[in-house]
Colleague: 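First, the structure itself, so that you have it in front of you.
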Amino acid sequence: MPIRPEILAAIGFLGILSYGCRAAGFFLMRYVAITPRVEAWLRAMPIALIGAIVGPAAAKGGPPEWLGLAAAVGLMRATGNDFIAVAGAVGLVAGTRALGF
Amino acid sequence: MASQTTIPPFTLAGFRAGLAASLVLAPGVALYGLAFGVMASARGLTGPEAVLFSAWLNAGGAQMATLAVWTDPLPWAAIGLTTVAMNARYLLLGAALRPWFGPLPAAQAYPSLFVLGDGNWALALREHAAGRTDAAFLAGSGTALWLSWTAATALGHLGGQVIGDPQRFGIDFMLPAFFATMALAFFRRAGGIAPLIAGIGVAVIVDRLVPGPWYILSGALAGSLAGALRRADPA
């Protein structure tokens, strides 16, 4: 199956929103300045969003998922390498699941 | 408005310098592209859909976050708000380019912004700070990363088709694992742990009370507001 119309519409819509975010900050700076509070709000958004995705997933998961998240953060801090962190975490989850946890 | 109205150069040489400088970032971007391709395959997107997704959005964090709320039928409001929430940081990146890109013709500035990302933005500002003001640097570095991201998505999707069942090899855990590693980078910029704690806490509670993907946006809103409120000083 190539590209379904509904998916095409969704991708088109999300792309316009993404470009809108890129262009809007540049455009609006011509007229208004970003206050420190708004800047702090925008800066905190990605980490809050990531917490909101990962937190409930961890709460619903079991020991393999908890171990995996700890491994991802630990390996990333230790090595600074995304690939090692993700591969190690995913491998650990697959392994502990295979052991029947 | 700008005190200086010097129009910066926008040349092929600047574009090439950007391409060359971004090669250090390309492997990392490719890794995320591979992962996005695998996860898009696991979510049931076709190869052409996954590639179009990456080519048209060019936004790794937002694309991954959107997959987390991607269900059939599509929750249009939730995917739209999730994309905006993850990309809201681009408002800051774009705003910071105003003094440099402001005097450029719109036909050069606005297409350049299509390939604006965290990595090439940082590279470009460093270039500018070093006195090299060719504005095509951003477009050059962004284009290299866009190519890397889109091509890696295609490869990742192929790999995902080969793997098949996402439960195998723990592929379904790739999304949380990537977010956990990305969290470390964003954590440093957020200014403290309050946004993370508030985001997790509110999302876990809303997830138990409200059906659907609204817990993600509730958590993002609560966490980011916690970040804004922590900044008590108006200076």
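Computed from heavy atoms alone, side chains included, the values below leave out hydrogens, waters and symmetry copies. Proteins come first, then strands; the chains are lettered A, B, ... in the order of their sequence lines, and each starts at number 1.
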Colleague: Could you label the plane-to-plane angle of the A:Phe26 and B:Phe101 rings as parallel, tilted or perpendicular, counting under 30° as parallel and over 60° as perpendicular?
Modeller: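 Plane angle over 60°, so perpendicular.
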Colleague: Under 4.5 Å from any heavy atom of chain B, what part of A:Leu69 do you find: side chain, backbone, both or neither?
Modeller: both
Colleague: Pick one of side chain, backbone, both or neither for B:Leu31, based on which atoms fall under 4.5 Å of a heavy atom in chain A.
Modeller: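 For B:Leu31, the contact with chain A is made by the side chain alone.
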Colleague: Which atoms of B:Tyr32 are under 4.5 Å from chain A, going by heavy atoms: the side chain, the backbone, both sets, or neither?
Modeller: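 Side chain of B:Tyr32 only, per the 4.5 Å heavy-atom cut-off to chain A.
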Colleague: Using heavy-atom distances under 4.5 Å, tell me whether B:Ala109 contacts chain A through its side chain, its backbone, both, or neither.
Modeller: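 Side chain only.
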Colleague: Is there side-chain contact between A:Tyr19 and B:Trp56, with heavy atoms separated by less than 4.5 Å?
Modeller: no
Colleague: Would you mind telling me which of A:Cys21, A:Gly51, A:Ala72 has the largest number of heavy-atom pairs within less than 4.5 Å of chain B?
Modeller: A:Cys21
Colleague: Could you measure the distance from the CG atom of B:Leu113 to the CZ atom of A:Phe27? Nearest 0.5 Å is fine.
Modeller: 12.0 Å
Colleague: Would you say that A:Arg22 contacts B:Asn87 through its side chain, given a criterion of any heavy-atom pair below 4.5 Å between the two side chains?
Modeller: no
Colleague: Side chain, backbone, both or neither: which part of A:Ile16 has a non-hydrogen atom closer than 4.5 Å to chain B?
Modeller: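 Both parts, backbone and side chain.
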Colleague: For residues A:Arg37 and B:Ala228, report the shortest heavy-atom separation together with the two atoms involved.
Modeller: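 Distance-wise, the nearest heavy atoms are NH1-O, 2.9 Å.
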Colleague: How many angstroms lie between atom CD1 of A:Ile7 and atom CG of B:Leu52, to the nearest 0.5 angstrom?
Modeller: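 It is 11.0 Å, given to the nearest 0.5 Å.
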Colleague: So what's closer than 4.5 Å to chain A heavy atoms on B:Leu45: side chain, backbone, both or neither?
Modeller: both
Colleague: For A:Ala57, is it the side chain, the backbone, both or neither that has a heavy atom under 4.5 Å from a heavy atom of chain B?
Modeller: neither
Colleague: For the residue pair A:Leu49 and B:Thr82, what are the closest heavy atoms and their distance?
Modeller: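 Looks like CD2-O, 4.1 Å.
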Colleague: Of the non-hydrogen atoms in B:Gly223 and A:Ala44, which two are nearest, and what is the gap between them?
Modeller: O-CB, 4.3 Å
Colleague: Could you tell me which of B:Leu57, B:Ile200, B:Ile197 has the largest number of non-hydrogen atom pairs under 4.5 Å with chain A?
Modeller: B:Leu57
Colleague: Please flag which part of A:Ala58 lies under 4.5 Å from any non-hydrogen atom of chain B: side chain, backbone, both or neither.
Modeller: neither
Colleague: In terms of heavy-atom pairs under 4.5 Å, which option from B:Phe186, B:Phe173, B:Phe187 contacts chain A the most?
Modeller: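 That would be B:Phe173.
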Colleague: Less than 4.5 Å apart, side chain to side chain, heavy atoms only: is that true for A:Met45 and B:Leu221?
Modeller: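 No. Closest side-chain heavy atoms not under 4.5 Å.
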Colleague: Identify which part of A:Val93 has an atom lying under 4.5 Å from any heavy atom of chain B, answering side chain, backbone, both or neither.
Modeller: side chain
Colleague: Is B:Ala180 close to chain A through its backbone or its side chain, or both, or neither, when contacts mean heavy atoms under 4.5 Å?
Modeller: both
Colleague: Return yes if some donor-acceptor pair links the side-chain N/O of B:Glu49 with the main-chain N/O of A:Arg4 below 3.5 Å, else return no.
Modeller: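 Yes; at least one donor-acceptor contact below 3.5 Å.
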Colleague: Which pair of heavy atoms, one from A:Val90 and one from B:Ala177, lies closest together, and at what distance?
Modeller: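 Nearest pair, atom of A:Val90 first, then B:Ala177: CG2-CB, 4.4 Å.
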Colleague: For a quick test of reading the model, state the closest non-hydrogen atom pair linking A:Gly55 to B:Val204 and the distance between them.
Modeller: C-CG2, 3.9 Å
Colleague: Between A:Val73 and B:Thr181, is there a side-chain heavy-atom distance shorter than 4.5 Å?
Modeller: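 In short, these two side chains do not touch, never coming nearer than 4.5 Å.
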Colleague: To the nearest 0.5 Å, what is the distance between OG (A:Ser18) and CG (B:Asn58)?
Modeller: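 Answer for the OG-CG pair, A:Ser18 versus B:Asn58, is 8.5 Å.
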Colleague: Side-chain contact, heavy-atom cut-off 4.5 Å: B:Tyr215 with A:Ile53?
Modeller: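 With C-beta onward as the side chain, the pair stays apart.
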Colleague: Tell me, side chain or backbone of B:Trp121 under 4.5 Å from chain A's heavy atoms, or both, or neither?
Modeller: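 The answer is neither part of B:Trp121.
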Colleague: Less than 4.5 Å apart, side chain to side chain, heavy atoms only: is that true for B:Met86 and A:Pro46?
Modeller: yes
Colleague: May I ask you to decide if A:Trp41's main-chain N or O and B:Ser224's side chain share a donor-acceptor pair within less than 3.5 Å?
Modeller: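 No; judged by distance alone, with no hydrogens or angles, the pair does not exist.
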Colleague: Answer yes or no: does atom OH of B:Tyr110 have more than 12 heavy-atom neighbours from other residues, nucleotides or ligands under 6.0 Å?
Modeller: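 For B:Tyr110, atom OH is crowded (more than 12 foreign heavy atoms under 6.0 Å).
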Colleague: Could you look at B:Ser218 and say if it's the side chain, the backbone, both or neither that has a heavy atom under 4.5 Å from chain A?
Modeller: neither
Colleague: Nearest 0.5 Å, please: how far is CG in A:Leu17 from OG1 in B:Thr83?
Modeller: 6.5 Å
Colleague: Could you give the distance from CG (A:Leu42) to CG (B:Leu92), rounded to the nearest 0.5 Å?
Modeller: 4.5 Å
Colleague: Please name the pair of heavy atoms, one in B:Leu74 and one in A:Ala10, separated by the smallest distance, quoted to 0.1 Å.
Modeller: CD1-CB, 3.6 Å
Colleague: Does any part of the side chain of A:Asp82, heavy atoms only, come nearer than 4.5 Å to the side chain of B:Met182, both counted from C-beta?
Modeller: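 Counting from C-beta outward, B:Met182 and A:Asp82 never come under 4.5 Å.
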Colleague: Measure the CG-CD1 distance between A:Leu14 and B:Ile79 for me, rounded to the nearest 0.5 Å.
Modeller: 4.5 Å
Colleague: Picking from A:Ala24, A:Ala9, A:Ala52, which has the most non-hydrogen pairs under 4.5 angstrom with chain B?
Modeller: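 That would be A:Ala52.
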Colleague: Please classify the contact between B:Leu116 and chain A as side chain, backbone, both or neither, with a heavy-atom cut-off of under 4.5 Å.
Modeller: both
Colleague: Indicate yes or no: at least one non-hydrogen side-chain atom of A:Arg43 is less than 4.5 angstrom from one of B:Arg89.
Modeller: no
Colleague: Top residue by heavy-atom pair count (under 4.5 Å) with chain A, among B:Ala106, B:Gly94, B:Gly201?
Modeller: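 The candidate making the most pairs under 4.5 Å is B:Gly94.
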